[in-house]
Amino acid sequence: MNYLIIGAGPAGSAAAEAIREVDSEGTITMISEEPLALYAKPLITDLLAQKIQRTQIIWKGENFCSAHRIHLQTGKRAIRLDIPRREVVVNRGERIGYDRLLIATGGRPIALSIPGVELPGVFSFTRLSDADALAQFVRSRKAKSAVVIGGGMIGLKATEALLEQGLEVSIVEMADRLLAATFDRPASSIVEEALQKKGCQVFLQNTATQILSGRSGQVEGVMLRDRKKLPCHLVIVAIGVTPNIDLAREATISCHRGIRVDSTMQTSQDGIYAAGDCCEMQDFFGAGPRVIAIWPNAVRQGKVAGHNMAGQKDRYEGSLAMNAVEIGGVATVSVGMTDPEGEGYEIRKIWNPQKSIYKKLVLKEEVIVGAIFVEDMDRAGIYTGLIRNRIPVSDFKEHLLKEDFGLIYLPQAFRKHLVTGEGMEV
Amino acid sequence: MKRIFIREEFCINCRLCEVYCIVQNSKTRNILKAYKGEYPKPQPRVRVEEKGHLSFALQCRHCEDAPCLEACLTGAMGRDPSTDAVLCDEERCVGCWMCIMVCPFGVIRRNREGRRVISKCNLCQGEIIPVCVKNCPNEAIVYEEER
């Protein structure tokens, strides 16, 4: 059996590992268009902040490919799928054959279309090359100030890294809160305050309308919708990522925003699978189809795809939106539907602004569907587990947000199942 | 693999497991110095939960299908090939807290002792029996081959 994996991110590498678990004989080929493969993109923040060594971004370790007998080919971009011949055309017309194909092409930053985005000093922040170019620019231009357009995960991480480098940073976000995917207003306000204490300005419900340049053609500032001018030396555009679906769509594989997959991660084409940030499906709550482009989902999807590709049945449960982020010294975890609209939701919360502690649970029909933890977040995973296992909480609802809440409050049968040592399916 | 099994009906809530865990994870491995001389005070990797008369000691379950392994984006969290224990390489951890977010047992914590990394049970690497088990007076936690 010949397996071909396009993309060497978390989904692609998890799939390769999963295939190897099942099939020790087959040939696994992995291609990546980037010169460096198998690195963790989220770590470019830590690299920019000089918190880690360059070698540390290779998250699977140097011997991953030899250990799993993966033929890795870097610098190879998949141009076209030739489905009838079961081949992928890569650059320079070379063709690579497959019996089972995984498309794990990830996402790319959404482009901002305002005047001035082409100026030197305007960056996206998703790849190693972005971090390198940015670090180089900060050094050579001796940049002192930056505007980050977009207050999502990538924007916040970029902000953190720039603040650590001693730059003055302003964030501009279209929504009424930071991390709009999983934060509510109070959670955002705590983080905003922490950022402001570090000298970072936060502009919500606002957008950039133009990037301004000086006579020398260098970035000089950003013009906002309300005509406010933010002077700066560089701009990071982080308004989201969009799935890389061109390859699939041109081969008439069913796509919407992302590549459509079923619960086995197979696309509309037999033998062709997709996983990670490039695909979309019903989410954990049955809503969607939607794209939830986060690391743990990509790994899980890759694993499920790999198992199925190698002939071992496996099913994906649907993606759950979640974020863990520490910014401005405030650690947060936010999971699921944290600020739902509509009827039938019960909200329980604790807010202690003095200690920056905020905890919120959203329940529907006696089951937790969303959770936010700010600062006091070390046991947040228990609630993620309750969400994932759809455990009814009626019997211990009053205890849920108590300081000593733990497994001991869970129904005995479920607790026993957990603590007798059996691994829990999550 | 050998795992720590919890027998909540035998736990007397003495919290000796926490004490020995603190000492094991201290710099001096001396109980008085660990409690009075080390700052910040070492954290226990095991935690006794209690509610009324019920109590039990809980530490990393070293799950077979471990969500923390899937969530870790640095590769710091890994499985020891010889013992199957889930271990965190603190040199590689960057404190992104993704593992904390997904651990259904809530047994991974932020390390408050130094660098921004996580803190969890490593089954007392190098010891034949984890110290919490060894010092439990009533066999409320036992270290045994998987049944």
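Note: hydrogens, waters and symmetry copies are ignored here, and every other heavy atom, side chains too, is used. Residue numbering restarts at 1 for every chain, and letters A, B, ... go by the order of the sequence lines.
Within a 6.0 Å sphere centred on OH of B:Tyr20, other residues, nucleotides and ligands contribute 12 heavy atoms or fewer. Within 6.0 Å of atom NZ in B:Lys134, 12 or fewer heavy atoms from other residues, nucleotides or ligands are found, so the atom counts as exposed in its surroundings. By the neighbour-count criterion of 12 heavy atoms within 6.0 Å, atom CD of B:Gln125 is densely surrounded, having more than that number from other residues, nucleotides or ligands. Heavy-atom neighbours of A:Lys397 NZ from other residues, nucleotides or ligands within 6.0 Å: above the threshold of 12. Heavy atoms of other residues, nucleotides or ligands lying less than 6.0 angstrom from CD of B:Glu139 number 12 at most.
Using a 4.5 Å cut-off between heavy atoms, A:Ile58 contacts chain B through its backbone alone, with no side-chain atom that close. Residue A:Lys41: no heavy atom, backbone or side chain, is found under 4.5 Å from chain B. For B:Cys68, no part lies under 4.5 angstrom from a heavy atom of chain A. If you measure heavy-atom distances from B:Ile108 to chain A, the contacts under 4.5 Å come from the backbone alone. There is no contact between A:Asn297 and chain B, counting heavy-atom distances below 4.5 Å. Of the two parts of A:Gln412, only the side chain, counted from C-beta on, holds a non-hydrogen atom closer than 4.5 Å to a non-hydrogen atom of chain B. Heavy atoms of A:Ile52 lying under 4.5 Å from chain B belong exclusively to its side chain.
Options A:Val299, A:Thr45, A:Ile294 differ in how many heavy-atom pairs under 4.5 Å they form with chain B, and the most are formed by A:Val299. Interface remark: of the candidates B:Arg109, B:Met98, B:Arg110, B:Glu50, B:Arg110 forms the most heavy-atom pairs closer than 4.5 Å to chain A. Of the listed residues B:Cys72, B:Ser55, B:Cys99, the one with more heavy-atom pairs under 4.5 angstrom with chain A than any other is B:Cys72. Interface remark: of the candidates A:Met377, A:Lys157, A:Met322, A:Glu326, A:Glu326 forms the most heavy-atom pairs closer than 4.5 Å to chain B. Ranking A:Ala380, A:Ala331, A:Gly61, A:Ala298 against chain B, the residue ahead of the rest is A:Ala331, based on heavy-atom pairs under 4.5 Å.
A salt bridge does not link B:Arg116 to A:Glu164: none of the charged nitrogens lies less than 4.0 Å from a carboxylate oxygen.
Below 4.5 Å, heavy atoms of chain A meet heavy atoms from B:Glu91, B:Arg92, all part of residues 77-93 of chain B. Taking non-hydrogen atoms and a 4.5 Å limit, the residue list of residues 28-35 of chain B in contact with chain A is empty.
In terms of heavy atoms, B:Pro104 sits closest to A:Leu407 at O-CD1, 3.8 Å. Taking every heavy atom of both residues into account, A:Arg415 and B:Leu54 meet most closely at NH2-CD2, 3.5 Å. The two atoms that bring A:Thr384 and B:Met101 nearest to each other are OG1-O, 2.7 Å, heavy atoms only.
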query = Do A:Ile408 and B:Phe56 pass the side chain to side chain contact (heavy atoms under 4.5 Å, CB included) test, and can you show the C-alpha distance, the side-chain angles, and the key distance before you say yes or no?
reply = CA-CA 8 Å; A:Ile408 206 155; B:Phe56 56 78; 3.6 Å; yes
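To the nearest 0.5 angstrom, B:Lys51 atom NZ is 10.0 Å from A:Asp404 atom CG. Here A:Asp46 contributes atom CG and B:Cys96 contributes atom SG; the two are 8.5 Å apart, rounded to the nearest 0.5 Å.
A:Asp378 places no side-chain N or O within 3.5 Å of a backbone atom of B:Ile100 that could act as its donor or acceptor partner. Checking side-chain atoms of A:Arg379 against main-chain N and O of B:Phe105 turns up a donor-acceptor pair under 3.5 Å.
For B:Gln24, the side chain to side chain donor-acceptor pair (under 3.5 Å) criterion is met by B:Glu127, not counting sequence neighbours. Checked against side chain to side chain contact (heavy atoms under 4.5 Å, CB included), A:Ser356 has the following partners two or more places apart in sequence or in another chain: A:Ile190, A:Glu375.
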